[in-house]
Each structure stands twice: as C-alpha cells, then as structure tokens.
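What follows is a set of notes on a single structure, which appears directly below.
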Amino acid sequence: MKRKFLSLMLAAALAGTLAGCSSELSNEYVTVKQYKGLEVPQPETATEEITDEDVQQVIDGNLSMYAERETVTDRAAQEGDIANIDYTGYLDGEAFDGGSAEGAELELGSGSFIGATEDYEGFEEQIEGHNVGDEFDIEVQFPDPYDQNPDMSGAVATFHIVLNGLETETVPELTDEWVRENSEDSETADEYREEIRAELEDNVEQSVQSELQNSVLQALLENVEASSYPEETVNEMKTQMTDYYSQMAAMYGVELDEFLTTYMQTTQEEFDAQIEEYAQQSAALDEALKLIAEKEKLEPTEEEYQERYAEYAEESGYEDVDTFVEDVGEEDLKASVLQQVVAEYLVDHCIQVEQSGDSE
C-alpha cells in the first residue's frame, strides 16, 4: 500500500545523481538551485485521442461481463461453443511437458489453440462435431517457427481429448434498458457511450498528469545539491525497503540473500549500496519538497489533507477512510499528499518540451 503513494518519490529518487552549485532555497541538508521553469518532456499520451473504436472496445468488454451461459445437451459441438475438455499431448507416443490439462475451457473458433496447417486441421476444428462425453484423438502440427517452444516448431503431435461439456454464451446488447439497469449515471445507450468516452478521456488526463509529475520530480532532483542527509529519515527508508524485499522473499519461500541472488541477480552488498543511494536521494528530495512547500505556502490545511486521504482511500478500494489511514500510516500519507501537492505546483510552472522521437 505504501508503494502506491511513494511511487513518485521512488521514480524520481532513482532517476539521477545529486549535483550542482549555487543557491535559491536551502536548509542544513539541501540546496534547491531551481524549481520553477523546469524543462520536462511532453507526455506522449498528451496527444492521444479517444476514438469511437476505443469506446466500443470498452463497452464490449463491459457487456461481456454480463454474458449468460447455457448448457448444450442436444447437439454436437460447433463453432462459438465453449468446450470444457481434458487433453494430453503426445510426441512419438510420449506425453510432453506442458501439453496436458484438465477442465480447460476453450471457445471453439477463437484461434486460441494450435491452428490449421496445409496438411492438418486445427485443434479447435477437430473438436467440432463431437458430443459431450466423447473421447477421441486428434493430430495437429505446431507452427514453424513456434516461438513459445522452438523445439516444437513444425512437430506433429497427437492429442487425446475428453469432451466434458459444452456451453453457449450470450452477450447482451447495448440497449437503453440494459443501461438503466447497469449504469448509475446514464439512462440511454447514447448517454452511456458518452459516459465511457468521458471516463477514457479522464484516464488519459490522469496518465498525462502522472507522467508529468514523475518527470518534474526527476528534473527537480537534478537541481538539488545535498550537503548531508537526515539520518533518521535515511535509516527509516532503508528499513522500509529492506522489509519490503524481505516480505517478497518470504512469498517465494526463501531468505532475503537467496532472493537477491536468484531473482534480482544482485548481491547483498550491491543491494545494500542501492538502497543506501535510494534512501539518501529520497531524503534529499523530501527536504527539497518541504522547502518549496514552505516558500510557496503549499502546505495543505487539515481539511485538505482529509480530502486527499478520502480520495486515496477510494482509489485503493477502502470504504472506511479511518481504516485506510491506520493501515497506511498517517505520517506516510501526509508526506505523500505534500509530495503530490508540490508536484502539481511544479507541473503548473514547468516547461514542456516536445519530444523529437529521435533515439541514439
């Protein structure tokens, strides 16, 4: 949970090194050389336009969540059916790894399984025409090349199939009646299309703002010079990072040192150096944000803090704000709110530079 609200700080802290000279804002730890007029790349998503196809794709996905299934008992399998199957694949009479499953669902005609070649029908086509309870063998040829397993490229395999069941799926149409039953904000299909379009446009705007805030914090960090670091803050951040990766290691059932070498391809010494650098840069950024907030009088009121907490809680799926604050920690939340407030201010005062698209 804390990672969600520290993501901007993390992205900025890992962006570059601390450097610089001269002074504009300073305290015992850092000097902020510049914070207004920072140059940042214009987000690529800023030029995205929401098309009718985008809107329809979301609507189709929403409608599919309300699809109803009906069991088929009176006919053979056909294209469009959802087949429940057990299967085992064989090469030269030997079952091969990854070629078996029980209770797998497959929409016939979807092209999800091995397709037809010049000499062999496709996997799904050969299920069509069979009835529930049938047990049968099919032959298919893997594509050549076969990127998922190059060793199987062009190989001919036999699959033993058991057809456990068949269902049809009916997706509702977008009608005024469906909209009234399933939308809180729209009454008609046309209104619903505009509702979805507005949601997509809002998502794009949020993406733009998030990208700009990350970029402007990176640019700010490049204009911060650190003379020292608040020891307590650095140690706390190092502890948080170590605890986080220790929890990840526990999820994999290993100790931290084994997790680092096996899954992160790094040593304990390298890891310690990395989190030391991260903690120092994060602490320096935190001090810079506090200086800017004080200079520009950006510190939120208690009411404004509470409003942000409520927004964060809703975004995180919490119904009770107090529970959310307790789980995350008010101190961390306050730091996250202040960071976002300052980041928003810096975005308002930054210079967006159009990206050329050239890469070297």
Side-chain angles (χ1 to χ4, degrees), residues 52-91 93-143 146-149 152 155-193 195-196 199-200 317:
D52 292 342
E53 289 75 15
D54 296 330
V55 173
Q56 190 60 50
Q57 185 175 8
V58 173
I59 290 174
D60 290 343
N62 291 348
L63 291 171
S64 68
M65 292 190 294
Y66 292 85
E68 295 182 353
R69 289 191 178 187
E70 184 176 345
T71 302
V72 175
T73 58
D74 57 351
R75 61 167 175 79
Q78 63 186 32
E79 184 176 345
D81 288 345
I82 297 173
N84 184 291
I85 60 172
D86 302 336
Y87 63 86
T88 304
Y90 298 88
L91 284 175
E94 297 290 333
F96 58 88
D97 291 340
S100 303
E102 294 183 356
E105 284 197 346
L106 172 62
E107 181 182 346
L108 303 182
S110 65
S112 302
F113 279 35
I114 301 168
T117 63
E118 185 176 340
D119 298 318
Y120 295 87
E121 289 186 289
F123 190 105
E124 297 166 26
E125 298 168 56
Q126 297 184 68
I127 296 175
E128 295 175 19
H130 288 278
N131 292 288
V132 174
D134 284 357
E135 196 166 340
F136 53 95
D137 292 336
I138 65 173
E139 281 191 327
V140 296
Q141 185 175 31
F142 284 88
Y146 185 52
D147 294 336
Q148 296 181 33
N149 187 346
M152 303 286 284
V156 175
T158 299
F159 281 87
H160 183 72
I161 310 290
V162 179
L163 182 54
N164 300 316
L166 288 172
E167 292 181 317
T168 58
E169 188 173 74
T170 303
V171 179
E173 296 181 1
L174 181 64
T175 63
D176 293 350
E177 181 181 1
W178 184 90
V179 171
R180 284 192 292 271
E181 291 177 354
N182 296 286
S183 172
E184 296 181 357
D185 301 314
S186 301
E187 293 287 330
T188 68
D190 287 342
E191 289 178 1
Y192 187 68
R193 290 189 181 92
E195 176 187 336
I196 297 301
E199 289 179 358
L200 291 174

Side-chain touch V72/V132, heavy atoms, less than 4.5 angstrom:
no

Would you say Y87 and I138 make side-chain contact, with heavy atoms under 4.5 Å?
no

Which is it for T170 and E70 under the side-chain contact (heavy atoms from CB on, under 4.5 Å) test, yes or no, and what are the steps along the way?
CA-CA 8 Å; T170 303; E70 184 176 345; 5.9 Å; no

Qualifying ring pair (Phe, Tyr, Trp, His ring centres under 6.0 Å) pairs with a residue from residues 160-180, counting only residues at least two apart or across chains
Y66-W178, W178-Y192

V156 and D119: side-chain contact (heavy atoms from CB on, under 4.5 Å), yes or no, with the steps?
CA-CA 10 Å; V156 175; D119 298 318; over 6 Å; no

d(E177 CD, N182 CG) to nearest 0.5 Å is 10.0 Å

Which atom pair, heavy atoms only, marks the closest approach of L174 to A189?
CG-CB, 3.9 Å

Whether the side chain of D81 engages the backbone of T168 through a donor-acceptor N/O pair (distance < 3.5 Å, no angle test) should be reported.
no

E102: which of D86, N164, V162 passes side-chain contact (heavy atoms from CB on, under 4.5 Å):
D86

Can you check side-chain contact (heavy atoms from CB on, under 4.5 Å) on E124 and S112, steps first, answer last?
CA-CA 8 Å; E124 297 166 26; S112 302; 3.9 Å; yes

Rounded distance [0.5 Å steps], CG in N131 versus OG1 in T73
10.5 Å

Shortest non-hydrogen contact from F113 toward L106
CD1-CD1, 3.6 Å

With rounding to the nearest 0.5 Å, note down the distance linking OG in S186 to CG in D176.
10.5 Å

Give me the atom names and distance for the closest heavy-atom approach of T88 to A95.
CG2-CB, 4.2 Å

Value rounded to 0.5 Å, distance of OG1 in T71 from CD in E167
5.0 Å

Looking only at heavy atoms, what is the nearest atom pair of P143 and I114, with distance?
CD-CG2, 4.4 Å

Atom pair CD1/CD of I59 and E173 - distance to nearest 0.5 Å:
13.0 Å

For a quick test of reading the model, state the closest non-hydrogen atom pair linking G89 to S100 and the distance between them.
N-OG, 4.0 Å

Is there a donor-acceptor pair under 3.5 Å between the side chain of S110 and the backbone N or O of E107?
yes

Is the side chain of Q126 donor-acceptor paired with the backbone N or O of E121 at a distance under 3.5 Å, no angle test?
yes

Could you tell me whether a side-chain N or O of E79 sits under 3.5 Å from a main-chain N or O of E128, the two making a donor and an acceptor?
no

List the steps and the verdict of side-chain contact (heavy atoms from CB on, under 4.5 Å) for I85 and H130.
CA-CA 12 Å; I85 60 172; H130 288 278; over 6 Å; no

D137 CG to F159 CZ distance, which is reported to the nearest 0.5 Å:
11.0 Å

Which pair of heavy atoms, one from E187 and one from V179, lies closest together, and at what distance?
C-CG1, 3.8 Å

Is the side chain of D60 donor-acceptor paired with the backbone N or O of Q57 at a distance under 3.5 Å, no angle test?
no

